[in-house]
2 protein chains.
Amino acid sequence: MKPKLTLKQIARELDVSVSTVSKALRDSVEISEETRLKIKAFAKLYNYKPNNIALSLKNRKTRTIGLVLPEIVHDFFATVISGIEQVANQKGYNVIICLSNNSFDREVMNMEMLANGSTDGFILSVAKETQQREDYHHLQEAINQGMPIVLVDRVVDQIVCDKVIIDDSEGAQNAVQHLIDSGCQKIAIITTVDYVSVGKLRTRGYLEALGKNNMVINEDLILKIEDVDQSQEEINEFLRTREIDGVFAVNEQFATSAIKALHLKGLSVPRDVLVFSFSDGELSRRFIPSLSTVNQHGAEMGAKAAELLIERLEKPVDEERFQTAIIKTSLIERESSQKTKTPVE
Amino acid sequence: MKPKLTLKQIARELDVSVSTVSKALRDSVEISEETRLKIKAFAKLYNYKPNNIALSLKNRKTRTIGLVLPEIVHDFFATVISGIEQVANQKGYNVIICLSNNSFDREVMNMEMLANGSTDGFILSVAKETQQREDYHHLQEAINQGMPIVLVDRVVDQIVCDKVIIDDSEGAQNAVQHLIDSGCQKIAIITTVDYVSVGKLRTRGYLEALGKNNMVINEDLILKIEDVDQSQEEINEFLRTREIDGVFAVNEQFATSAIKALHLKGLSVPRDVLVFSFSDGELSRRFIPSLSTVNQHGAEMGAKAAELLIERLEKPVDEERFQTAIIKTSLIERESSQKTKTPVE
DNA sequence: AGAGCGGCCGAAAACGATTTCGTGTTGAAA
DNA sequence: TTTCAACACGAAATCGTTTTCGGCCGCTCT
């Protein structure tokens with residue numbers, strides 16, 4: 001086990017000074033060709049790599065991005081990470097990931113942990129609990145300390161910074177419009193409680209679609225779910241007692257639960273009821289019937305977030321103008337929303 | 001935007017020396033109560049936090065774990081990350097994540113990127129391509145440089161280090177045994193090509209289960225898949241032309257593809273054919289019929305890996321004895337393998 | 001011959017923290 | 001009065017780099 005090579009060791013070995021070695025390796029004109037080549041050859045031979053920590057300290061830049069996410073066992077966030085990682089790595093940045101598990105305290109802890117010099121900036125999607133509390137002091141503090149933040153997906157309006165979102169409302173509206181166009185008259189929505197920003201927006205899209213088509217809005221067809229884990233029973237009960245011909249679910253989990261509930265009732269999807277979902281993941285692709293969904297393009301969101309952050313990091317003299325990038329959603333029509341295309345069962 | 005507070009600034013402000021400040025904050029007895037309290041009060045007031053990078057440089061420890069994974073949009077790896085993250089954070093470690101995308105080159109690049117002082121050690125699951133090439137020099141080099149490695153799930157025998165695996169073979173055997181116990185006579189297996197270590201082991205478990213029950217091994221009922229993306233057609237064709245009453249699939253994707261293929265053939269699961277899968281994820285839980293699977297306990301694997309690594313980092317005088325932790329698998333019996341429990345369709 | 005200049009290199013400071021080793025001031029013991 | 005220990009603090013080294021500044025040598029130009 002050999003400890004890593006340092007400039008000092010090279011200098012001692014070659015009988016020159018540390019500064020000479022440093023300059024030689026960085027191709028400074030101050031160093032004669034002869035010395036330069038000798039040092040470079042030696043460095044290459046013993047596979048010298050400058051110590052990142054020392055560089056970080058010297059440059060006061062870590063080339064590291066802090067990523068704080070509510071969860072990770074979730075296709076959407078996983079794809080976001082993919083997108084971030086790809087752009088970051090390509091630009092020579094590392095990504096430190098911390099999970100908040102949707103807890104406010106863990107989110108704050110994670111940010112404090114990373115803010116002490118470990119990262120140059122943050123990409124963050126706020127925890128559910130944070131949205132509920134509406135306490136964003138930790139975000140503001142990071143910004144005040146000079147650490148740029150890019151918010152992704154679950155953004156908060158009160159904080160002034162770069163943001164990457166999709167048009168949740170529009171995506172939902174398109175999905176519901178598609179159900180309407182397919183002949184649905186009584187469309188239920190299964191959504192989250194209102195403090196989850198994206199849930200609220202998707203609900204709004206649903207309402208707007210109905211409004212635009214002069215359809216009556218029936219509050220009785222709106223189910224707002226607090227706890228995903230206990231959603232199946234709620235959804236069963238909800239659908240058992242309502243007569244509907246279309247369901248719009250704001251995520252894959254609700255969509256599959258809805259289909260199960262409809263089966264319980266003896267109904268088939270898409271034969272009797274059409275279903276449209278949100279968030280395209282493995283589940284949507286593999287489910288039978290495969291789910292029509294609003295694609296959020298998570299990887300693209302992540303990539304954009306990383307680009308925005310890195311740009312801000314590398315052009316710090318940039319004006320204080322922040323932008324909100326809106327990634328286009330797209331409808332993926334699969335079996336669950338198409339009467340004509342009955343799946344194999 | 002105030003730059004972060006440093007010891008030097010506190011010292012200047014309070015008209016003492018940097019060393020005094022440092023000692024006061026660390027409760028050294030060398031400092032008088034009065035000075036100590038004054039300094040601590042000031043530090044608290046202005047929310048001083050020591051700079052992590054400087055500490056890392058000084059201590060030659062980063063308290064950061066490098067995690068290199070083949071992919072992340074995959075429930076298993078996502079849960080592994082969860083487990084690692086939880087243990088790491090609780091012990092005051094950060095986690096840097098890099099994705100290899102199953103590419104050998106990216107795996108090597110990532111490790112080089114992190115080995116230059118950014119992390120104290122690695123947790124790694126080797127890329128598919130790396131397993132195919134059987135080139136593990138980058139792992140050995142990291143170890144030679146004094147960076148401990150813990151291999152997870154996709155391990156390599158040639159490298160001597162701590163490892164965390166499940167008994168893939170035993171898990172598969174149990175699953176197949178369960179199919180046999182349920183009355184299956186002709187059980188097909190849908191697995192990966194052999195160079196994927198876990199695939200090979202699961203195949204072996206399948207063979208052993210058949211052997212133990214004195215069942216004839218029919219090579220014609222073994223399908224080895226190279227590319228997951230084009231697996232559906234292969235599986236369709238495979239199942240169309242074979243008469244079977246049970247399917248063991250080495251992952252959720254293959255399992256759902258198999259069920260689709262069986263539907264195409266006019267067969268129902270579990271009525272006509274029983275299906276057992278491997279890797280418990282959202283897909284297994286939500287699918288209709290829900291999938292019986294071998295649970296790999298990814299979070300537990302991740303947690304164990306983090307524990308092993310951190311232990312080795314903090315007790316460096318430890319003997320050079322490495323251990324391989326084998327996490328118990330467990331069978332989760334859901335609808336797809338139980339004739340009696342017909343799902344709602 | 002003296003001034004000036006360019007080529008080549010080393011010393012030292014800096015990044016922010018910890019730690020070892022002084023050093024000056026007390027007060028008490030001899 | 002001298003000596004010595006305890007006390008409270010500061011100077012400086014250290015971690016591994018980069019960079020500024022200055023120095024030395026030899027050469028050319030007047």
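Values in this document were obtained by computation on a predicted structure and should not be read as measured data. The sequence lines fix the lettering, A, B, ..., with proteins before strands; numbering per chain opens at 1.
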Asks: Specify the separation, in whole Å, of atom CD of Gln9(A) and atom P of dT17(D).
Replies: 9 Å
Asks: Output the single nucleotide from dC15(D), dT19(D), dG10(D) whose closest atom is nearest the side chain of Arg60(B).
Replies: dC15(D)
Asks: Does Leu55(A) reach a base, just sugar-phosphate, or nothing at all? Heavy atoms under 4.0 Å.
Replies: sugar-phosphate
Asks: Please say whether more than 12 non-hydrogen atoms of neighbouring residues, nucleotides or ligands are located less than 6.0 Å from CG in Asp15(A).
Replies: no
Asks: Would you mind classifying the nucleic acid contact of Ser19(B) as base, sugar-phosphate or nothing, using non-hydrogen atoms under 4.0 angstrom?
Replies: base
Asks: What about Glu30(A): does its side chain form a donor-acceptor pair under 3.5 Å with the base of dC8(C)?
Replies: no
Asks: In whole angstroms, how far is the P atom of dA8(D) from the CD1 atom of Ile39(B)?
Replies: 13 Å
Asks: Whole Å only: how far is the CD1 atom of Ile53(A) from the C1' atom of dC15(C)?
Replies: 13 Å
Asks: Using a heavy-atom cut-off of 4.0 Å across all strands, would you classify Ser56(A) as base, sugar-phosphate, or nothing?
Replies: nothing
Asks: For the pair Lys61(A) (side chain) and Leu57(A) (backbone), establish whether a donor and an acceptor sit closer than 3.5 Å, ignoring hydrogens and angles.
Replies: no
Asks: Round to the nearest Å and state the distance from Lys61(A) atom NZ to dA14(C) atom P.
Replies: 21 Å
Asks: Can you measure Asp15(B) atom CG to dC9(D) atom P for me and round it to whole angstrom units?
Replies: 12 Å
Asks: Using the side-chain heavy atoms of Ser32(A), tell me which of these nucleotides is nearest: dC9(C), dA8(D), dT18(D).
Replies: dC9(C)
Asks: On DNA chain D, nearest-nucleotide positions of Thr20(B) versus Lys8(A): which is more 5'?
Replies: Thr20(B)
Asks: Do the rings of His74(B) and Phe76(B) sit parallel, tilted or perpendicular, given the 30° and 60° boundaries?
Replies: perpendicular
Asks: Round to the nearest Å and state the distance from Leu5(B) atom CG to dC15(C) atom C1'.
Replies: 15 Å
Asks: Look only at the side chain of Asp162(A) and the backbone of Gln323(A), and say whether a donor-acceptor pair between them is shorter than 3.5 Å.
Replies: yes
Asks: At under 4.0 Å between heavy atoms, what does Ser22(A) touch on the DNA or RNA strands: base, sugar-phosphate, or nothing?
Replies: base
Asks: What contact category does Lys23(A) fall into here, base, sugar-phosphate, or nothing, at under 4.0 angstrom with non-hydrogen atoms?
Replies: base
Asks: Provide, to the nearest angstrom, the distance between the CG atom belonging to Leu57(B) and the P atom belonging to dT19(C).
Replies: 14 Å
Asks: For the pair made of CG in Leu7(B) and C1' in dC15(D), what is the distance, rounded to whole Å?
Replies: 15 Å
Asks: Hey, is the side chain of Arg26(B) poking within less than 4.0 Å of OP1 or OP2 on dT19(C), counting only N and O atoms?
Replies: yes
Asks: Side chain of Lys58(B) only, please: which of dC15(D), dC9(D), dC15(C) is the nearest?
Replies: dC15(D)
Asks: Taking the side chain of Pro50(A) as its heavy atoms from C-beta onward, which of dA17(C), dA8(D), dT17(D) lies nearest to it?
Replies: dT17(D)
Asks: Looking only at heavy atoms, what is the nearest atom pair of Gly117(B) and Thr62(B), with distance?
Replies: O-CG2, 3.0 Å
Asks: Taking 4.0 Å as the cut-off, does a side-chain nitrogen or oxygen of Tyr48(A) come that near to OP1 or OP2 on dG16(D)?
Replies: no
Asks: Give a yes or no on this: more than 12 heavy atoms of other residues, nucleotides or ligands lie within 6.0 Å of atom CD of Glu71(B).
Replies: yes
